Amino acid sequence: MPSYAPPRPTHRAGPRQWAGLAVLSLPLLVLALDVSVLFLAAPQLVADLRPSGAQTLWIMDIYGFVIAGFLVTMGTLGDRLGRRRLLLTGGAVFAVASVLTAYATSAEMLIAARALLGVAGATLMPSTLSLISTMFLDARQRARAIAIWMTTMTVGVAIGPLVGGAMLEHFWWGSVFLLAVPVMAVLLALGPVLLPEYRDPRPGPLDMPSIALSLATLLPVVHGLKHLASEGPGPVTAVAVAAGVLCGALFVRRQRRLAHPLLDLSLFSNRTFSVALGLLLFGLVAINGVQYLAPQYFQLVAGMSPLRAGLWMLPVVLAATAGMMLAPPLARRFGPARVMAGGALLSVAGFALVSQVDTAGGLSTLVTGSAIAIAGISPLPVLTTELVVAAAPLEKTGSAAAMSETSGELGVGLGVALNGSLVAAVFAARTASEPAAGDDLASTLTVAGTLPSPAGDELTATARDAFTAGLNMVGVAGGALMLLLAVGAGWALRGTRSATDDATNSAADEAGDDAADDDASHRAAARVDKAG
């Protein structure tokens with residue numbers, strides 16, 4: 001029989017919980033900034049530390065690589081040891097690792113510090129989401145809180161180039177990582193006051209072989225995806241993914257035999273839980289093609305500086321914010337399946353515009369298409385995350401949050417790898433007649449800058465046209481995937497209601513919102529307490 005979560009209490013959150021949400025949003029903002037500022041700092045960093053090519057790749061990739069690998073483990077640890085305790089411990093380690101990163105004196109030290117940042121970051125993401133589930137027991141408020149929480153991540157990614165660019169103009173490359181220190185200090189100061197503690201009352205022993213198998217599953221898969229994105233298909237990618245899949249099968253087999261598994265696989269017997277994770281994965285695969293390639297178009301095709309490219313991304317960020325914040329009220333009125341399916345169809349229109357971008361004068365088309373595509377897809381991560389969290393028992397929301405975050409990380413990795421490979425294939429085909437062309441647009445433009453004027457200009461034009469053609473194909477592929485996702489959401493989640501449609505929660509909302517009639521409010525609240 002499917003394992004469904006029991007009805008939750010419906011006490012409404014007050015000012016303390018909303019202040020706690022602001023504190024929980026701080027780590028997400030820092031995590032997002034750390035993802036984007038490193039790319040801006042890379043030129044200064046490479047000139048200072050002089051890493052090898054392989055070391056440069058590890059500096060760029062190790063952070064996200066480790067986060068993805070440790071999410072499941074840290075989510076379960078939060079359920080067992082205490083979510084607030086894990087969050088505060090992770091925040092303290094993140095601050096220390098940020099200082100080590102900022103003052104790294106060698107490439108090896110920087111790689112190790114970034115790996116430590118990844119371990120700490122893996123504690124922050126599931127802890128914040130599971131604490132939201134603990135603090136916001138009312139479904140309507142929880143949906144709104146998740147939307148705010150996810151919007152914080154989007155805003156952090158967007159302002160990263162602006163903040164990082166401004167700091168790098170006045171300070172050394174390590175300064176961008178010190179931004180985390182005062183933020184984590186605020187978390188450590190206010191967290192014990194505003195955040196509740198919660199742990200599984202019957203956690204059972206921690207199974208170390210399961211932790212090892214979870215890492216052996218996720219780390220090779222993520223490595224394979226990153227290798228696919230940078231080098232294209234090959235034996236390294238195939239071996240890494242195959243090894244991860246094999247360890248994943250062993251992990252699942254072990255979890256089924258344990259009385260207290262690291263990951264409760266019974267969660268997947270809930271169709272809503274499983275479908276929501278799948279939709280989140282494939283939705284992020286589609287949208288990350290545009291998010292990955294649009295900044296390259298701005299800088300390498302349109303010739304913008306990183307700071308100006310960041311400003312041109314602001315309409316896309318505003319569209320994403322609007323889509324996320326509108327998702328909960330739209331789901332209450334029309335149901336999550338219809339909202340996700342309708343948003344996916346809207347994204348198809350945006351991807352259609354992306355498929356029409358050209359090299360000359362395509363800037364406004366790309367921004368408009370990207371904004372429409374992301375506005376349409378933005379309700380999906382909010383609603384699927386809410387469905388995942390609502391489907392899990394309260395004592396298992398750390399594990400559920402970790403699965404949601406892992407699905408998101410894999411979606412981002414797959415999106416960059418698959419869409420990057422598609423662009424690379426188109427680029428290679430379009431520049432095959434140019435012997436001086438490199439493997440990608442950036443390297444080809446570098447070569448073109450060393451050639452005499454006519455030949456260099458022709459190579460530059462050819463390379464930019466080839467990259468734009470690849471971007472067009474990403475638009476076509478993204479539109480096709482979003483059509484499939486619209487059908488999948490409408491069919492697989494048919495009849496699924498937003499958690500805020502539950503009658504108990506509706507009564508609680510009336511009790512909290514009807515300030516004009518205090519007596520009626522108290523009676524409604526009493527009915528809710530009795531039902532709970």
Side-chain angles (χ1 to χ4, degrees), residues 225 228-233 282-304 308-310 312-313 315-317 319-320 343-378 411-434 437-445 448 457-486:
L225 294 178
L228 176 64
S230 60
E231 304 295 335
F282 290 109
L284 290 178
V285 167
I287 205 60
N288 269 279
V290 172
Q291 289 182 320
Y292 170 62
L293 296 169
Q296 296 183 49
Y297 180 94
F298 294 152
Q299 296 180 62
L300 300 178
V301 177
M304 294 182 178
R308 190 180 173 200
W312 271 88
M313 285 297 291
V316 179
V317 176
L345 291 176
L346 177 63
S347 286
V348 172
F351 280 112
L353 283 176
V354 173
S355 71
Q356 301 302 309
V357 172
D358 55 21
T359 306
L363 195 59
S364 59
T365 303
L366 177 58
V367 172
T368 302
S370 299
I372 293 173
I374 290 179
I377 198 65
S378 291
V412 171
L414 272 173
V416 172
L418 297 179
N419 289 291
S421 297
L422 178 58
V423 171
V426 174
F427 187 88
R430 292 295 188 99
T431 58
S433 60
E434 297 285 349
D439 295 330
D440 55 29
L441 178 58
S443 62
T444 303
L445 292 180
D457 292 342
E458 289 180 6
L459 181 59
T460 296
T462 299
R464 287 174 171 167
D465 287 341
F467 176 85
T468 305
L471 178 62
N472 296 154
M473 288 303 299
V474 166
V476 173
L481 183 55
M482 294 311 297
L483 273 176
L484 293 175
L485 193 147

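Here the structure is a predicted model, which means the values were calculated and not measured.
Annotation for F282: atom CZ does not count as buried by contact number, only 12 or fewer foreign heavy atoms lying within 6.0 Å.
For T431, the side chain to side chain contact (heavy atoms under 4.5 Å, CB included) criterion is met by F427, A437, T462, A466, not counting sequence neighbours. The side chain to side chain contact (heavy atoms under 4.5 Å, CB included) check on A424 picks up nothing, with sequence neighbours excluded.
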**Request:** Walk me through it: do V290 and V316 pass the test side chain to side chain contact (heavy atoms under 4.5 Å, CB included)?
**Result:** CA-CA 11 Å; V290 172; V316 179; over 6 Å; no
**Test log, rule side chain to side chain contact (heavy atoms under 4.5 Å, CB included), inputs F467 and L300** = CA-CA 9 Å; F467 176 85; L300 300 178; 6.0 Å; no
**Request:** Could you walk me through whether L445 and T460 pass the side chain to side chain contact (heavy atoms under 4.5 Å, CB included) test, one step at a time?
**Result:** CA-CA 6 Å; L445 292 180; T460 296; 3.7 Å; yes
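Closest approach of S378 to A320, counting heavy atoms only: OG-CA, 3.2 Å. Taking each heavy atom of A286 and N419 in turn, the nearest pair found is O-ND2, 4.4 Å. Contact detail for L293 and V474: the closest heavy-atom pair is CD1-CG2, 3.6 Å.
A heavy-atom distance below 4.5 Å is found between the side chains of W312 and L363. Within the 4.5 Å cutoff, side-chain heavy atoms of R464 are placed close to those of L441.
Within the 3.5 Å criterion, the main-chain N or O of A463 finds no donor-acceptor partner in the side chain of R430.
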Can I get a per-line list of side-chain donor-acceptor pairs under 3.5 Å for residues 343-359, giving both atom names and the distance, sequence neighbours left out?
| residue | atom | partner | partner atom | Å |
| --- | --- | --- | --- | --- |
| S347 | OG | G343 | O | 3.4 |
| S347 | OG | A373 | O | 2.5 |
| S347 | OG | I377 | N | 3.1 |
| S355 | OG | A352 | O | 2.5 |
| D358 | OD1 | G362 | N | 3.3 |
| T359 | OG1 | D465 | OD1 | 2.6 |
| T359 | OG1 | T468 | OG1 | 3.4 |

